[in-house]
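As the structure lists them, so they are numbered: ligands from 1, and atoms in each ligand from 1.
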Amino acid sequence: MPEIAFDRFYRYAKLTELLHALAREHPDLVAIESIGRSFEGRDIWVLTVTRKATGAAADKPAFWVDGNIHATEVAGSTAALFFLHTLLTRDGSDSEVTRALDTRAFYVCPRINPDGAEWALVDQPKWVRSSTRPYPFDEDEPDGLVVEDIDGNGRILQMRIADPNGLWKAHPQEPRLLVRREPTETGGTYYHVLPEGHYDGYDGHTLKIKRPRERLDLNRNFPGSWRQEFEQKGAGPYPTSEPEIRAVADFVVRHPNLTGGTSFHTWSGVLLRPFEHAPDEEMDAEDLWFYQRAGRKGTELTGYPAISVYHEFRYHPKEVIGGTSDWIYEHLGMFSWVVEIWSPMREAGIANYKYIDWFRDHSIDDDLTLFRWNEEKLDGAAHHGWKAFDHPQLGRVEIGGWDRFNAFSNPPPSRLRAEVERFPRWILWQALCSPRLELVHAAAVAAGDGTWKITLVVENTGWLPTYVTKRALARKTVRGVIVDFELPEGAHLVAGKLRDDTGQLEGKAYKHTGVSFWPDYEVTDCRRKLEWVVQGNRGDVIGIRAHHDRAGAVRTLVTLG
Ligand SMILES: [Zn+2]
């Protein structure tokens, strides 16, 4: 097993090497493939993980895991790597991991966006939201600040410039910490604050951040509730216009055995579920019940709250967004989640921290709490003292303040492992909830005149129904259990069908509790019995294959006589 470090982030070449080493050293469990190339031509890797000895991945219900669609959210890759590490190091010693590898498959894409991540991880980093493809225009805006590490220390911090009309001032109890001034306040020392960077076309008076040339947001490029740029920034010219998203969408639809997925992002310390564009009232009740149950389990196992994007995670109350998870649930009817890794606010002990709303407004006491947590628990890694710097365009400025990339956008290296350790149990729980087709009984009984009656019983042993969601039924993205009957030469069918769609099998998810006024009339609606009558010879072998796109496949041979 190659050594994987969980206190650092891997650049593309090293990550590629590591993923190939995992496949090489676990040929019984891991296969690696490139699902396509990024804008800059990097392969996008997906690892298929399952015990090959117990069946091919395509014949098992599967779960999708991805990370790092957003350029700087590199801890998403770490979380995916840690999940792989858990599967491969706990196999055989951990009953849940072993059972998951025996009965399910995992498709893991640790880095959907290798180009953007590479820009964030080079020695002189440059931040883009997502893809590095210029969009919507090839040309730069003529003037403004370009965010980058300008003093060459490998970090992108903040720059402050003293100005009587600045918004920012020193915190009354902590001069290194900048906070917003009060609405009617005058007479102090105030600053304008900008990200670190160089300035093109400075006019000596006005300051603005240049919008980056690379304005795509790959997570807005999925087909689910896709909207044009004017409604949704970074959406791209049309759904799946970008090679990274086309590759992922194509892989997902080519794997109908997928039943759910989790996408790792940063940050906020929260588990996000659909809808992103509509209230819970519009979701099928059963789907919502399972989402709520999986959310409670997620909170129990990860410590993160679980919420609907639409209801509690909107950048602006009048705007809605869409992404991977909305597409996977909305169009395909699979349960999908987004994990926003890491919450410095919660770590610092800020009470009533409410995700995005906190950024819009909060008390300056919270800023001080965060600052002190940084001093006491992170050795000051999240905030740097202000140092004078002769800026090539702006003149005398000071560089310092919060280190967004290393302490907020991602957990700092000292906290990275503890943070990504939260998730494997929850992913395993979700995967093990999936439907799973199993063989109960198969037999041939002589029925006179050279005929035999063949009986097959299959059942869904999973928690969820074979169709997974009501959404999938409504959107007609699933078919039932397909049964194929193969006769040897010379034999023929008297009754029954050679191929039949035998419908869906229920699971256990929506049965009533013990104290219920409504009994479940169909106690074994997870089970199906099928019969055929065959004219044939003693010793003939009949092949039967039952498979459900989402619940897996079973095969059996029945001998006449
Ligand atoms: Zn993100």
Side-chain angles (χ1 to χ4, degrees), residues 9 38 44 64-81 83 108-121 125-133 135 147 212 214-222 224-226 232-236 242 244-245 248-249 261-277 298 302 304-310 312-316 319-329 336-345 355-359 404-411 416 419-420 422-423:
F9 302 115
S38 66
I44 301 165
W64 169 262
V65 175
D66 74 65
N68 209 177
I69 195 171
H70 288 137
T72 61
E73 300 174 4
V74 287
S77 293
T78 315
L81 277 178
F83 180 63
V108 182
C109 181
R111 186 165 288 166
I112 289 182
N113 175 18
D115 300 348
E118 202 66 0
W119 285 28
L121 292 171
K126 190 171 176 234
W127 290 342
V128 289
R129 170 66 172 159
S130 201
S131 166
T132 61
R133 183 170 87 81
Y135 180 83
V147 179
E214 303 81 12
R215 279 182 237 166
L216 283 162
D217 182 337
L218 294 176
N219 204 36
R220 308 281 173 262
N221 192 232
F222 283 96
S225 56
W226 182 87
Q232 184 166 247
K233 284 195 191 75
E242 304 312 303
E244 297 84 355
I245 299 315
V248 169
T262 292
S263 301
F264 284 109
H265 289 239
T266 67
W267 48 300
S268 282
V270 68
L271 312 174
L272 300 174
R273 64 164 172 83
F275 286 122
E276 293 173 351
H277 67 286
T302 69
Y304 286 9
I307 58 172
S308 139
V309 172
Y310 180 87
E312 293 189 66
F313 204 81
R314 270 197 271 175
Y315 293 97
H316 188 281
E319 291 169 12
V320 295
I321 55 167
T324 332
S325 86
D326 226 24
W327 172 62
I328 288 179
Y329 176 71
S336 58
W337 289 83
V338 165
V339 176
E340 296 283 356
I341 301 167
W342 180 238
S343 170
M345 289 74 191
Y355 329 114
I356 291 171
D357 295 344
W358 188 86
F359 296 103
R404 200 177 101 193
F405 179 80
N406 285 303
F408 293 87
S409 298
N410 293 284
L416 185 56
E419 209 57 29
V420 298
R422 295 173 186 266
F423 313 115

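Ring-plane geometry between F313 and Y355 is classed as tilted, the angle between the planes lying from 30 to 60 degrees on a 0 to 90 degree scale. The aromatic rings of W327 and F222 sit parallel to each other, their planes meeting at less than 30°, with 60° as the upper class boundary.
In this structure, S343 has no side-chain hydrogen bond (donor to acceptor under 3.5 Å, both in side chains) partners at least two apart in sequence or on a different chain. Every ring-ring contact (aromatic ring centres under 6.0 Å, His included) that Y329 has, sequence neighbours left out, goes to F275, Y291. S336 meets the side-chain hydrogen bond (donor to acceptor under 3.5 Å, both in side chains) test with no other residue; sequence neighbours excluded.
Protein N/O/S atoms found under 2.8 Å from the Zn ion (ligand 1), listed by chain and residue number: H70 ND1, E73 OE1, E73 OE2, H265 ND1.
Between E242 and R133, at least one side-chain N (NZ, or NE/NH1/NH2) sits under 4.0 Å from a carboxylate O, which counts as a salt bridge.
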